[in-house]
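Report on the structure given below.
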Amino acid sequence: MSQPETTVYVCTVCRSKDDPEVRPGQALLEAFDARLTPDDRAIVSAESVECLGVCSRPCTVALAARGKWTYVLGDFDNAADVEDLVESARRYTASETGLVPKKDRPEAMRKGVVSRTPPAPKG
Ligand code: FES
């Protein structure tokens, strides 16, 4: 079986804006993973990561795939955002370049873009 095309990295050490003792990333990661359908799992995998350098916008996630632009997104902090993250991963995977036009992004992705980075040069 081949590796899923898209990796969704979820920071599991971000601290909640409401309660700095809480680190909500692990719950986000588990909720995201639980919502993936078998078809999703063929194209998307999820991994925890310790800090994406955007600690002021918890939870922070990144969408990445070989040869595509990488998005770093912030502010995924409630249950509704989980569904948006699943849909964001689907739309990202469906895009040839990884770029998703703003009008086609789920709300949490539209509001949460921290950065987008072009693919690494070939060679
Ligand atoms: S701790 Fe989550 S981005 Fe830094």
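Just follow the structure's listing: the first ligand is 1, and inside any ligand the first atom is 1. Residue indices begin at 1 and follow the sequence shown.
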| All salt bridge (charged side-chain N to carboxylate O under 4.0 Å, His left out) counterparts of Glu83, not counting sequence neighbours | Arg35

| message | So, using salt bridge (charged side-chain N to carboxylate O under 4.0 Å, His left out) as the criterion, who are the partners of Arg110 when residues are at least two apart? | response | none

Is it true that [X] and [Y] have a side-chain N and a carboxylate O under 4.0 angstrom from each other?
{"X": "Lys68", "Y": "Glu5", "answer": "yes"}
{"X": "Arg105", "Y": "Asp84", "answer": "no"}
{"X": "Asp75", "Y": "Lys111", "answer": "no"}

| Atoms of the protein (N/O/S only) found under 2.8 Å from atom 4 (Fe) of ligand 1 |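 Sorted hits: Cys51 SG, Cys55 SG.
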
| field | Pairing residues for Asp77 by the side chain to side chain contact (heavy atoms under 4.5 Å, CB included) criterion, not counting sequence neighbours | value | Asp81

